[in-house]
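For reference, the structure discussed in these notes is given below.
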Amino acid sequence: MDRIISIDAAGEGPRLADAGQPQPQPGAGQLRVRLHAAALNFADLLMAEGRYQDTPPFPFVAGLEGAGVVEAAGPGVALAPGTRVAVSAQGTLADRGIFAADCCTPIPDRMSWRDAAGFQIAYGTSHLALTGPARLAAGETLAVLGAGGGVGLTAVEIGAALGARVIAVARGQDKLAAARAMGAAETIDSATTDDLRGALRALGGVDVVYDALGDAPGAAAFRALKPGGRHLLIGFAAGQPPALPLNHALVKNISVHGFYWGGYRQLDPAALQESMADLLRMYDEGRLRPTAAAVLPLDRAAEAYALLRSRKAVGKVILTMSEEAARGD
């Protein structure tokens, strides 16, 4: 019997359950995928609390991204059974799922299930945000808030790959060490820094802020932006949006960009596809090194959620559904 991780009601934790009836044949434009691994994102925590902007009706199958093998393809779908794919869609914390074909992307043969499971949202968000609205150029300074998390580390890595000078802001030396390993030129420990704005200014100021935290850290980093700077609103892991002094944005010609990667499926699907193709090429060339903070089997989903909630994870939290993925294949 196939297994799923169910979120039964707002505020309830993840529950391992039987999927019930076998998965049906996929319909037009759909694929049935045998999943090998899936990743957790901060959005999964918000969904379990009923606070995410796209929370589906309860109960629902958890998970927003994963990786596996196409078992069956519906009418009008070019991907053949046996194709290895990364999936970006609701319901990946399961042994099998039916997904829209445009949510499934073929992956390189050398890409492990673990890497593929947590690749699309984190790397996709950072690459498209930094190359698109942020217009990050070689030689500019990028400050990454929340640099030790799964998304933040990818921003450090991609920013460095684009030739930027990256300042990583994170809590604790283990997270800062991980950021340095990904290419950060400078680091700031938020656990011991009372004046983030002053610390960033002392390092010469910032051209782009990649703000995955919001709240007070986001507001402080905003004040360290140079004239013509860009502030990317990626998420609010610190609890709430930052209170940005928009009069500064006017006087200093600063741009504020909200960025939601999933929204680009409707806003600009071509840009989304082009960005992902670039990222997969970079991975296949050995230029990207996804970091897994923890790898746990599906039946330990509650532990995985707790680890993500603790903010102690350095990198992505991965859940596995097969022996191959558990081995790291």
Side-chain angles (χ1 to χ4, degrees), residues 7 10-11 39-56 62-65 88 90 118 120-130 132-134 142-156 158-159 167-172 175 179 188-191 193 196-197 200 206 208-225 229-246 248-249 254-264 267 293 305-317:
I7 305 294
L40 286 184
N41 292 276
F42 189 71
D44 289 295
L45 298 182
L46 296 179
M47 279 191 177
E49 297 167 0
R51 297 195 294 124
Y52 194 60
Q53 62 262 25
D54 287 336
T55 299
L64 293 170
E65 62 177 336
S88 175
Q90 183 67 49
Q120 289 192 94
I121 293 177
Y123 278 98
T125 294
S126 294
H127 184 269
L128 190 51
L130 292 174
L142 166 69
V144 179
L145 309 188
V151 173
L153 275 177
T154 65
V156 171
I158 290 170
I167 303 173
V169 182
R171 182 173 293 272
K175 292 185 177 183
I188 296 174
D189 189 344
S190 57
T193 301
L196 178 58
R197 167 185 151 179
L200 290 170
V206 178
V208 175
V209 172
Y210 184 97
D211 184 2
L213 296 181
D215 212 344
F222 178 88
R223 290 177 178 272
L225 279 166
R230 288 84 74 198
H231 190 109
L232 289 169
L233 295 172
I234 303 298
F236 310 125
Q240 60 186 4
L244 302 181
L246 296 184
H248 288 214
I254 289 170
S255 301
V256 179
H257 298 276
F259 188 86
Y260 171 41
W261 182 77
Y264 269 73
L267 180 65
Y305 271 70
L307 178 60
L308 189 61
R309 188 175 291 109
S310 74
R311 300 186 187 175
K312 294 179 180 177
V314 182
K316 297 288 283 191
V317 177

- Item | Ala10 versus Glu49, closest heavy-atom pair with distance | CB-O, 3.9 Å
- Message: Donor-acceptor pair, distance only, cut-off 3.5 Å: does the side chain of Ser126 make one with the backbone of Tyr123?
- Response: no
- Query: Taking atom CZ of Phe259 and atom CG of Leu130, what is their separation to the nearest 0.5 Å?
  - Reply: 8.5 Å
- Message: Quick one: does any side-chain atom of Asp189 pair with a main-chain N or O of Gly172 as donor and acceptor, under 3.5 Å?
- Response: yes
- Query: So, the side chain of Thr154 versus the backbone of Ala122: is there a donor-acceptor pair under 3.5 Å, distance only?
  - Reply: yes
- Item | All ring pair (Phe, Tyr, Trp, His ring centres under 6.0 Å) counterparts of Phe236, not counting sequence neighbours | none
- Query: To the nearest 0.5 Å, how far apart are OG in Ser190 and CZ in Arg171?
  - Reply: 4.5 Å
- What is the distance from atom CH2 of Trp261 to atom CG of Leu128, rounded to the nearest 0.5 Å? 9.0 Å
- Item | Which atom of Arg223 lies closest to which atom of Arg197, heavy atoms considered | CB-CD, 3.6 Å
- Is there a side-chain contact between Pro217 and Val169 (heavy atoms, below 4.5 Å)? no
- Item | Ile158/Tyr210 under side chain to side chain contact (heavy atoms under 4.5 Å, CB included): CA gap, chis, key distance, verdict | CA-CA 12 Å; Ile158 290 170; Tyr210 184 97; over 6 Å; no
- Task: Considering non-hydrogen atoms only, spot the tightest contact between His248 and Ile254 and give its length.
- Result: O-CD1, 4.2 Å
- Task: List the atom of Ala221, the atom of Leu145, and the distance in Å for their closest heavy-atom pair.
- Result: CB-CD1, 3.9 Å
- Item | Atom pair CG (Leu200) and CD1 (Ile188), whose distance is rounded to the nearest 0.5 Å | 4.0 Å
- Closest non-hydrogen atoms of Ala293 and Ala313, given as atom of the first, atom of the second and distance, are CB-CB, 3.7 Å
- Message: So, taking the atom named CZ in Arg309 and the one named CG in Asp44, what distance separates them when rounded to the nearest 0.5 Å?
- Response: 10.5 Å
- Task: Could you check if a side-chain atom of Tyr260 sits within less than 4.5 angstrom of a side-chain atom of Asp54, using non-hydrogen atoms only?
- Result: yes
- Minimum-distance pair of heavy atoms, taken over all atoms of Ala155 and Leu142: O-CD2, 3.9 Å
- Query: With a 4.5 Å heavy-atom cut-off, do Leu225 and His231 have their side chains touching?
  - Reply: yes
- Sole candidate of Leu308, Leu40, Asn41 that passes side-chain contact (heavy atoms from CB on, under 4.5 Å) when paired with Lys316: Asn41
- Query: In Å, rounded to the nearest 0.5 Å, how long is the span from CZ of Phe222 to CG of Leu233?
  - Reply: 9.5 Å
